Amino acid sequence: MEVLPHFSHVHPLVFNDGRSHKSEEVYCCACGELVSGPRFSCVNCGFHLDKNCAEAPVEMNHPFHRKHNLKLMTSSPYVEGNPICGFCNNICEKFVYHCSCNLVFHIKCAFLSYKFLVKNFRELDHQDKPISSECHSQELKKVQCFACQKSLLESDYISHDSGFYLHKKCFELPLKISHLSHRYHYLFLQFNSDHLPCQICQETQHQGLVYCCSTCMFVIHIECVSPPPTIEDPSSHEHPFTRCLRQFPFNCDVCGTSGNYVSYICLACSLIIHKKCISLPRFIKSIWHDHAISHKYFVVDNGCTTHDCLICHKEVNIECGSYYCSKCKFIIHVNCALQKARWYYKIESKDDFDKLLNAMLEVGTMNPSFSVRKMIKVGEKMINIEIEHFSHQHNLVLSDEVKEQRYCDGCSQLILTSFYGCLECDFFLHKSCAELPKKKQIWGHVHQDPSVLTPNCLFRCSICNFICSGFAFKCEFYLCKEHICLRCVEIPLSCMSGGHKHLLLWYRTYFGQCCNACGNSIDGHAVYRCKVCNFNVHSACVNLLPQTTWHKSDRHCLILTYHEDNDYTLSLL
């Protein structure tokens with residue numbers, strides 16, 4: 001009787017050839033699968049291991065991961081949650097092979113990948129032979145090749161009964177190659193455990209296999225090993241780009257970021273760019289700007305001033321590519337503009353760009369919310385002193401004198417500046433609220449069709465999350481219907497706050513200290529920030545706190561200000 005001491009169990013395991021007790025169903029405690037052949041068991045504990053799992057080495061030198069050995073563990077190496085297998089992408093709940101690089105495999109997946117690696121057909125199921133993709137085209141639409149992570153359609157593939165798929169051409173890949181873009185070392189077929197971007201296409205493939213030099217942290221995707229010598233995309237550039245495999249540092253003329261390996265060159269225009277930038281859209285509509293913007297290879301500025309990106313607030317090199325609005329001098333880094341797919345949409349042609357730009361400029365002027373009933377001339381300027389507003393049945397008269405506390409029926413805020421009022425009933429609107437257009441494109445809103453100004457609403461604002469009353473801009477997209485209050489409609493990219501002496505810049509998300517206004521954490525929130533003083537304020541605190549207000553205990557206006565906790569000079573006045 002063969003006995004096997006195993007590190008995973010306190011008792012010795014007894015060998016069972018599987019011929020006796022054929023009707024008994026037992027599952028392997030290592031891989032979780034039904035054991036149909038020889039096994040090692042502890043009958044008293046009900047602990048069973050398939051023979052292959054029982055004889056698995058405690059450490060495996062896996063050729064797809066040359067940096068470290070994989071160690072066999074009986075459970076998840078992490079304190080919380082179960083890891084995802086780097087081979088099959090499913091949850092690991094039993095025995096795993098683990099590396100400190102955060103690479104984890106099911107015990108069976110580690111074996112299977114090794115067998116494919118050494119091309120050991122004898123150890124694989126007899127069904128693992130090339131199959132034409134034409135036979136199962138409908139079934140393969142969502143199935144990817146394990147190695148290159150591309151669709152199995154239009155290519156012969158190999159299938160294993162475990163659900164493992166591999167292109168026939170990927171199965172035949174060499175395990176080691178030399179490449180013109182990296183002449184120092186060989187590149188080995190490896191798991192991308194460091195999640196490095198491909199040095200040709202600049203994209204990161206987290207699953208599957210890549211060609212890698214671990215010494216230089218150099219990675220090339222399987223499909224990028226032999227990139228096309230020329231690429232042409234007339235929608236982005238009028239000339240073809242030619243591949244250059246020589247290693248040299250360069251600044252991409254399209255996106256403005258650096259490159260060090262494979263580049264593509266337009267000989268006619270003397271442009272050097274990344275492969276991924278060849279098909280960059282020339283015209284886009286961004287949620288961060290009211291107008292359509294176009295890509296520029298450089299921006300001419302006779303004033304020789306610096307230009308900061310209005311998203312990340314870092315300087316834009318105007319000698320390299322950026323997105324630019326010539327109407328209002330808005331400029332933004334290419335990678336900031338295209339950071340998320342939902343932040344923009346592509347405009348196909350110059351004609352479409354011009355039409356959209358003109359339409360955006362006309363949104364406010366073509367959709368006024370009021371009509372003028374009486375005007376007066378003050379100097380060279382005509383002033384509307386009486387209007388008819390779509391939200392009210394009586395005419396509204398302009399007033400510059402605030403004699404008592406009144407609140408705007410549009411934004412529900414205290415009125416401290418010029419306003420329109422009804423002489424017949426208590427209805428008041430800030431001048432700025434009364435002159436809002438009926439339709440407006442909301443800056444930062446995902447749906448780029450203009451939202452509609454809607455009066456007499458009680459709603460929760462989708463931006464500040466406050467329950468509001470009065471006017472709202474309502475998104476007309478049938479799956480959205482979000483309401484946005486008037487305070488959140490105009491979120492400036494920069495502003496001056498009464499509580500601080502310098503210009504504050506808007507950051508979509510920021511991680512750092514506490515809000516200097518309310519004292520709460522700013523981690524992960526939109527903030528206004530002064531880079532000079534490290535002064536940070538929640539976006540909501542800037543937009544929702546009025547610069548001046550009234551209080552029943554004082555007959556004067558209270559002005560928003562800020563001072564340090566240890567500054568007692570104000571309290572002594």
Side-chain angles (χ1 to χ4, degrees), residues 61-70 86-87 99-103 113-114 116-119 144-150 166-167 169-233 240-267 270-280 320-321 334-335:
N61 182 9
H62 200 294
F64 277 167
H65 188 65
R66 296 170 176 266
K67 292 173 67 174
H68 311 111
N69 286 350
L70 304 178
F87 184 80
C99 175
S100 57
C101 299
N102 289 328
L103 199 62
S113 60
Y114 184 84
F116 269 101
L117 176 73
V118 297
K119 297 178 174 53
Q144 293 179 327
C145 168
F146 161 72
C148 67
Q149 296 292 293
K150 301 300 180 183
L166 192 71
H167 286 130
K169 61 184 180 182
C170 291
F171 180 80
E172 296 169 349
L173 287 170
L175 304 181
K176 179 177 71 172
I177 64 170
S178 57
H179 200 268
L180 287 171
S181 65
H182 190 68
R183 308 184 183 204
Y184 305 110
H185 310 111
Y186 286 113
L187 303 180
F188 293 92
L189 201 59
Q190 297 279 280
F191 294 110
N192 191 10
S193 57
D194 292 312
H195 304 286
L196 300 172
C198 171
Q199 293 297 338
I200 291 182
C201 71
Q202 304 299 310
E203 301 294 332
T204 302
Q205 177 184 308
H206 299 283
Q207 298 291 326
L209 301 174
V210 296
Y211 279 104
C212 176
C213 171
S214 299
T215 304
C216 302
M217 305 292 279
F218 180 93
V219 162
I220 295 181
H221 292 156
I222 291 171
E223 69 273 17
C224 293
V225 169
S226 300
T230 59
I231 299 178
E232 189 170 4
D233 187 349
F241 286 92
T242 303
R243 180 190 67 198
C244 177
L245 288 176
R246 279 210 172 265
Q247 178 182 353
F248 65 92
F250 66 94
N251 275 338
C252 175
D253 287 308
V254 169
C255 70
T257 60
S258 62
N260 196 38
Y261 293 98
V262 175
S263 61
Y264 278 79
I265 301 173
C266 174
L267 299 176
S270 298
L271 299 174
I272 304 177
I273 70 172
H274 298 120
K275 180 189 175 187
K276 69 170 184 175
C277 294
I278 291 175
S279 297
L280 208 71
C320 296
V334 167
N335 290 338

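On a predicted model such as this, the values are computed, not experimentally measured, just so you know.
Put simply, the side chain of Ile222 does not reach to within 4.5 Å of the side chain of His167, judged on heavy atoms. Looking at Phe218 and His185, their side chains never come closer than 4.5 Å, going by heavy atoms from C-beta outward.
Taking CD from Gln202 and OG1 from Thr257, the interatomic distance works out to 7.0 Å, rounded to the nearest 0.5 Å. A distance of 10.0 Å separates SG in Cys266 from CG in Asp253, rounded to the nearest 0.5 Å. In this structure, the separation between CZ on Phe188 and CG on Leu209 is 14.5 Å, given to the nearest 0.5 Å. With rounding to the nearest 0.5 angstrom, the CG atom of Asn192 is 14.0 Å from the OH atom of Tyr211. The CG atom of Asp194 sits 10.0 Å away from the CG atom of Leu103 when rounded to the nearest 0.5 Å. A distance of 7.0 Å separates CG of Leu187 from OG of Ser181, quoted to the nearest 0.5 Å.
Closest heavy-atom contact between Ile220 and Val225: CG2-N, 3.8 Å. Considering all non-hydrogen atoms of both residues, His206 and Thr204 come closest at CE1-CG2, 3.5 Å. When every heavy atom of Cys224 is checked against every heavy atom of His179, the shortest pair comes out as O-NE2, 4.4 Å. Considering every non-hydrogen atom in both Ser263 and Ile272, the closest pair reads CB-CG2, 3.7 Å. Of all heavy-atom pairs spanning Cys99 and Leu70, the tightest one is CB-CD2, 3.6 Å. Annotation for Gly256 and Cys320: closest pair CA-CB, 3.7 Å, computed over non-hydrogen atoms.
Contacts of Glu223 classified as salt bridge (charged side-chain N to carboxylate O under 4.0 Å, His left out), with partners at least two apart in sequence or in another chain: Lys150. In this structure, Tyr264 has no ring pair (Phe, Tyr, Trp, His ring centres under 6.0 Å) partners at least two apart in sequence or on a different chain.
Side-chain atoms of His221 never come within 3.5 Å of backbone atoms of Cys148 as a donor-acceptor pair (strictly under, hydrogens ignored). With hydrogens and angles ignored, the 3.5 Å screen pairs a side-chain donor or acceptor of Gln205 with a backbone N or O of Gln207.
Note on ring orientation: taking the six-membered ring where Trp is involved, the planes of His65 and His68 are tilted (angle from 30° to 60°).
Within 6.0 Å of CZ on Phe248 lie more than 12 heavy atoms contributed by other residues, nucleotides or ligands.
Checked against a 6.0 Å centroid threshold, the rings of Phe250 and His274 count as neighbours.
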